[in-house]
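The sequence lines fix the lettering, A, B, ..., with proteins before strands; numbering per chain opens at 1.
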There are 2 protein chains.
Amino acid sequence: MTTKTHEDALSPGDYEALADLRYALRRFTEFSNAEVSNLGMTPQQHQALLAIKGLPPEKEMTIGMLAERLLIAPHSATELVNRLSDAGYIERLSSKDDGRRQIVRLMDKADGILAKLSGAHLHEIREMAPELMQALRILQDRRKLEKIAWMA
Amino acid sequence: MTTKTHEDALSPGDYEALADLRYALRRFTEFSNAEVSNLGMTPQQHQALLAIKGLPPEKEMTIGMLAERLLIAPHSATELVNRLSDAGYIERLSSKDDGRRQIVRLMDKADGILAKLSGAHLHEIREMAPELMQALRILQDRRKLEKIAWMA
DNA sequence: TTCGCATATATCGTGATACGATATAAATCA
DNA sequence: TGATTTATATCGTATCACGATATATGCGAA
């Protein structure tokens, strides 16, 4: 038999719902990227700053943790941190506990920008949340709904 | 006065919630990219196929519509379509209504891959939906919650 | 302690892809 | 028909994460 077993085949509605969810996510990302680049940063730089700022209080961010949080390779985090440091958004200090680690800390410049950006994001998320949640709900329930529609 | 007016300053919890939402979105994207590249496609190629497949029944996709849907420039859609066409995922036909337009249609190869990928995505989304919705809900309500906590 | 391995970060060259600027072609309209 | 707009295409470029590899620090065993 082939790969499609009729049992788990997706309906046109499934594909449409998946496509719509992606479209909503792209629009959010696009909004975010536009805001971010208006302030002269790249999206990934912004996400790095946010990851640092969003750390539980008094926890310190290292290059490796940042890599985990951003889902990039450690050496990519190194490069990202270099760029952020060159641009004056962060400072690096060697960890006193472990000389291999580099602690990454936000400078005032980053705090200011994050305040602006995160405010805008919060606002946009509040706008988009209903649509996103609706999309997720449709995907959660679709098989059930389809089955009911099909039985009727 | 400085940029922070106390009124609209974000709380540590706001930043943490924003960072957590981003982390969840990245994990979804990462899952998706891994699945997609296992089947030899790039993420953007997959999204293009899904956008085509997810179109309401009997509607035809053009290069320009694809650009809109993917939020990329028309000429970037041209290039993407070239690659998809070279790889045998889609075929192009000139529109009979308007000779400038290129209709883009999925080939069987694309349908097969989309069935697999979308099944996997649907499953993953069902897993992640509760967490995502929770994150969105926190961001929706946070100011209210903060205020209550602050008054208590 | 010292050796050896694991961990954390860094460097360098490369590839992929979306973009800006520009070009062509088809449609539309005065 | 000529002028303008719309749809798609081409070419050169820049960005950024990656693979492969290197260095340095920490740690465990004998």
Length of the [atom1]-[atom2] vector between [X] and [N], whole Å:
| X | N | atom1 | atom2 | answer |
| --- | --- | --- | --- | --- |
| B/N33 | C/dT17 | CG | P | 12 Å |
| A/N82 | C/dT9 | CG | P | 12 Å |
| B/Q102 | D/dT10 | CD | C1' | 15 Å |
| A/D86 | D/dC16 | CG | C1' | 15 Å |

Under the 3.5 angstrom rule, does the side chain of A/H123 hit a backbone N or O of A/G119 as a donor-acceptor pair?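 Side chain of A/H123 to backbone of A/G119: no pair is present.
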Does this structure show an ion pair linking A/R101 with A/E60, if we count only N-O contacts that are shorter than 4.0 Å?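 A/E60 and A/R101: not salt-bridged.
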Nearest non-hydrogen partners of [X] and [Y], listed with the distance:
| X | Y | value |
| --- | --- | --- |
| A/M61 | A/A51 | CE-O, 3.5 Å |
| B/A120 | B/E35 | CB-OE1, 3.6 Å |
| A/E68 | B/Y23 | O-CE1, 3.9 Å |

Has A/R83 got a side-chain N or O lying under 4.0 Å from the OP1 or OP2 atom of D/dA17?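 So the side-chain polar atoms of A/R83 do come within 4.0 Å of the phosphate oxygens OP1 or OP2 of D/dA17, strictly under.
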Heavy-atom contacts under 4.0 Å between [range] and DNA chain D, which residues?
| range | result |
| --- | --- |
| residues 58-65 of chain B | B/T62, B/I63, B/G64 |
| residues 66-81 of chain A | A/I72, A/A73, A/H75, A/S76, A/E79 |
| residues 41-50 of chain A | A/T42, A/Q44 |

Could you go through the salt bridge (Lys or Arg N to Asp or Glu O under 4.0 Å) check for A/R27 and A/E131 one step at a time? CA-CA 11 Å; A/R27 278 179 1 249; A/E131 180 183 351; 2.9 Å; yes
With sequence neighbours excluded, tell me which residues meet side-chain hydrogen bond (donor to acceptor under 3.5 Å, both in side chains) with B/T29.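 Partners of B/T29 under the side-chain hydrogen bond (donor to acceptor under 3.5 Å, both in side chains) test: none.
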List the atom pairs, donor and acceptor, that lie under 3.5 Å between side-chain atoms in residues 72-90 of chain B and the rest of the protein, sequence neighbours left out.
{"residue": "B/T78", "atom": "OG1", "partner": "B/P74", "partner atom": "O", "Å": "3.3"}
{"residue": "B/N82", "atom": "OD1", "partner": "B/R92", "partner atom": "NH1", "Å": "2.6"}

Going through the checks in order, is the salt bridge (Lys or Arg N to Asp or Glu O under 4.0 Å) test met by A/R69 and B/D20? CA-CA 9 Å; A/R69 219 32 199 170; B/D20 287 347; 2.6 Å; yes
Verify the distance criterion only: is there a donor paired with an acceptor across the side chains of B/D14 and B/S11 at less than 3.5 Å?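 Yes, because at least one side-chain N or O of B/D14 sits under 3.5 Å from a partner of the opposite role on B/S11.
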Residue A/R92, side-chain heavy atoms: nucleotide from C/dT9, C/dA10, D/dA7 that is nearest: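 Of the candidates, C/dA10 comes closest.
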A correct 5'-to-3' footprint of nucleotides 23-30 of chain C, with B, S and - meaning base, sugar-phosphate only and no protein heavy atom under 4.0 Å, is ---BS---
Verdict with supporting geometry, A/I103 and A/I63, side chain to side chain contact (heavy atoms under 4.5 Å, CB included): CA-CA 7 Å; A/I103 305 294; A/I63 304 249; over 6 Å; no
Verdict with reasoning, A/L55 to B/Y15, per side chain to side chain contact (heavy atoms under 4.5 Å, CB included): CA-CA 8 Å; A/L55 221 53; B/Y15 288 111; over 6 Å; no
Any chance you could lay out the side chain to side chain contact (heavy atoms under 4.5 Å, CB included) test for A/L132 and B/M133, step after step, and finish with the verdict? CA-CA 8 Å; A/L132 278 173; B/M133 291 174 92; over 6 Å; no
